[in-house]
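Input: a single structure, listed below in structure tokens.
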Amino acid sequence: MTDKSDNIQKVEVLSKKTWTPNLFSFTVTRPDSFKFTAGQWVRLGVNPSQLKHHVDNNTQDVPDEDIYRAYSIVSSPYDETLEFFSIVIPDGAFTSQLQHLQVGDELLLNTIPFGFLTLTRYQAPLPKDLWLLATGTGLAPFLSMLQDLKTWEDYEHIVLAYSARNQAELAYVELIKTLEEDFGGLVTSPAKFTFIPIVTREEVEGALDKRLPELLISGKLEQVAGEKLTKEHSHVMVCGNPDMVEDTKETLKDMGLEMNRRGEGNIAVENYW
Ligand SMILES: Cc1cc2nc3c(=O)[nH]c(=O)nc-3n(C[C@H](O)[C@H](O)[C@H](O)COP(=O)(O)OP(=O)(O)OC[C@H]3O[C@@H](n4cnc5c(N)ncnc54)[C@H](O)[C@@H]3O)c2cc1C
Ligand SMILES: NC(=O)c1ccc[n+]([C@@H]2O[C@H](COP(=O)([O-])OP(=O)(O)OC[C@H]3O[C@@H](n4cnc5c(N)ncnc54)[C@H](OP(=O)(O)O)[C@@H]3O)[C@@H](O)[C@H]2O)c1
């Protein structure tokens, strides 16, 4: 459906990186007035008929109307461009078209940022540890937070656990590896950062191989992080696959942690579908 809101702005695709046939990232121009908090999402729009010329066999019938979907912002609130990380669902109305985008193409951006998976939701005094747990493209909001210096100033130890089906789908690993040096190094007392890659459908050296709730129940995640998840010391954010979010949330509650409401409590979550 065409969104006729005044908040829609045209943005231009500046770069595209393909991770796997089902995963890609892209950057677009950032409208001057557009502000957001790390962890928020926007509604991105595409008009399939405008991308049709990129398809080899472009005889397919595509709708000549704008389609919008929610997308978390990967880049930091201070970056000059906006970055996004996308799945390709072969029969998905949005991504089956979006996958064809190329540098120079136009997308639509609703400049109202949405979402409460932000660190500003937590009231002071903050605990010492921040745990960020993601599956698939659910990594996106955490990359934004981790490129915001305040996150490193606010917590003593940040743990990022990121689960993908196979190694090729574990995107952004190189960026993640530089975060501690780039941002941790800037705070007076460098924050400790532990990255825990999880690959569930093949064996990969240096990665765990079980799903997040199982790793919590067995104590393996805490063991690798070298920290205990506790009501007193931990903020935990969970993002991605809704079944994972639900099971992880329930497991954390069984461990004594509480949902964050009105600033109080440990756990904040976001479902992607
Ligand atoms: C708050 C929020 C933030 C989001 N941020 C992102 C983001 O940063 N990157 C992104 O790729 N998607 C994100 N999504 C999902 C996105 O809005 C679309 O669902 C996705 O682009 C697929 O659109 P589609 O029309 O092709 O398929 P849809 O018809 O929307 O989805 C079809 C099915 O595909 C699966 N699916 C949908 N999205 C994903 C996904 N991201 N990973 C794995 N399986 C999925 C689900 O089984 C879903 O039922 C977000 C969703 C929400 C609610
Ligand atoms: N055709 C393909 O080759 C292909 C490849 C990738 C994605 N896709 C498409 O993308 C969609 C899925 O994308 P995705 O791989 O990013 O997302 P995903 O299925 O959510 O998998 C991402 C990670 O989340 C884990 N996970 C899934 N359900 C979980 C749960 N209930 N609890 C804990 N962890 C859980 C997965 O583990 P498990 O491995 O144990 O499930 C995997 O490590 C599919 O709907 C499909 O259409 C297709």
Side-chain angles (χ1 to χ4, degrees), residues 1 16-28 36-46 48 51 62-63 65-75 82-101 107 109-110 112-118 133-145 161-172 196-204 207-218 220-221 237-252 268-273:
M1 215 173 82
K16 179 180 179 182
K17 179 179 170 73
T18 301
W19 303 98
T20 71
N22 288 300
L23 281 179
F24 67 102
S25 296
F26 56 97
T27 60
V28 301
F36 66 97
T37 303
Q40 285 193 301
W41 54 274
V42 286
R43 290 178 65 74
L44 275 183
V46 71
L51 299 181
V62 292
E65 62 179 19
D66 304 334
I67 307 172
Y68 283 84
R69 288 287 183 278
Y71 269 76
S72 300
I73 304 166
V74 169
S75 35
L82 298 174
E83 180 164 347
F84 300 97
F85 177 30
S86 184
I87 188 87
V88 177
I89 305 293
D91 55 358
F94 188 83
T95 53
S96 66
Q97 304 302 323
L98 190 77
Q99 64 173 328
H100 299 303
L101 67 75
L107 291 178
L109 170 77
N110 184 326
I112 299 179
F114 294 98
F116 301 101
L117 192 75
T118 64
L133 313 181
T135 54
T137 53
L139 175 70
F142 301 148
L143 289 177
S144 184
M145 292 174 201
Y162 164 33
S163 176
R165 293 177 179 193
N166 53 51
Q167 186 168 26
E169 290 179 0
L170 210 56
Y172 286 104
I196 308 179
I198 302 166
V199 176
T200 43
R201 299 197 188 185
E202 64 186 22
E203 217 172 285
V204 174
L208 300 181
D209 60 0
K210 300 283 186 293
R211 287 177 162 196
L212 276 161
E214 192 177 334
L215 291 168
L216 286 171
I217 292 165
S218 67
K220 186 73 184 170
L221 208 68
M237 295 192 141
V238 190
C239 185
N241 182 310
D243 293 334
M244 176 283 293
V245 169
E246 180 61 23
D247 293 352
T248 302
K249 189 175 82 179
E250 290 309 316
T251 306
L252 289 166
V269 304
E270 189 161 82
N271 288 319
Y272 265 13
W273 64 90

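For ligands, and for the atoms within them, numbers begin at 1 and follow the listed sequence. What you see is a predicted model, and the numbers here were worked out from it, not measured in a lab. Quick note: numbers below take in every heavy atom, side chains included, and nothing from hydrogens, waters or symmetry partners.
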Would you mind checking which non-hydrogen protein atom is closest to [atom], with the distance to 0.1 Å?
| atom | result |
| --- | --- |
| atom 24 (O) of ligand 2 | Thr135 CG2, 3.1 Å |
| atom 40 (O) of ligand 2 | Arg211 NE, 2.8 Å |
| atom 2 (C) of ligand 2 | Asn22 ND2, 3.4 Å |

Subject >> Under-4.0 Å heavy-atom contact with ligand 2, by part of Thr20 that carries it >> reply: neither
Original post:
Heavy atoms only: which of Arg165, Glu246, Lys210, Glu169 is nearest to atom 17 (O) of ligand 2?
Top reply: Arg165
Original post:
Should one rank Ser163, Ala134, Pro21 by closest heavy-atom distance to atom 22 (C) of ligand 2, which comes out on top?
Top reply: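 Nearest option to atom 22 (C) of ligand 2, by heavy atoms: Ser163.
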Original post:
Who are the side chain to side chain donor-acceptor pair (under 3.5 Å) partners of Tyr71, not counting sequence neighbours?
Top reply: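 Residues passing side chain to side chain donor-acceptor pair (under 3.5 Å) with Tyr71: Ser86.
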Original post:
Measuring from each atom of ligand 1, which residues have a heavy atom under 4.0 Å away?
Top reply: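 Near ligand 1, by chain and number: Trp41, Arg69, Ala70, Tyr71, Ser72, Phe85, Ser86, Ile87, Ile89, Gly92, Ala93, Phe94, Thr95, Thr137, Glu270, Asn271, Tyr272, Trp273.
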**OP:** Any chance you could measure Tyr162, atom OH, to Glu169, atom CD, to the nearest 0.5 Å?
**Re:**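 One finds 8.5 Å between OH of Tyr162 and CD of Glu169.
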**OP:** Check whether any side-chain heavy atom of Tyr68 lies under 4.5 Å from a side-chain heavy atom of Val46, and answer yes or no.
**Re:**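 Answer no - side chains too far apart.
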**OP:** Flag the pair Leu101 / Lys16 as yes when at least one side-chain heavy-atom distance between them is below 4.5 Å, and no otherwise.
**Re:** yes
**OP:** Not counting sequence neighbours, which residues clear ring pair (Phe, Tyr, Trp, His ring centres under 6.0 Å) with Tyr272? List them please.
**Re:**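 For Tyr272, no residue satisfies ring pair (Phe, Tyr, Trp, His ring centres under 6.0 Å) once neighbours in sequence are set aside.
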Subject >> ring pair (Phe, Tyr, Trp, His ring centres under 6.0 Å) partners for Phe26, two or more places apart >> reply: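 Residues passing ring pair (Phe, Tyr, Trp, His ring centres under 6.0 Å) with Phe26: Phe24, Phe84.
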Original post:
Which atoms form the tightest heavy-atom contact between Thr248 and Pro213, and what is the distance?
Top reply: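 That would be OG1-CG, 3.6 Å.
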Original post:
Quick check: does Thr137 get an N/O under 3.5 Å from an N/O on ligand 2?
Top reply: no
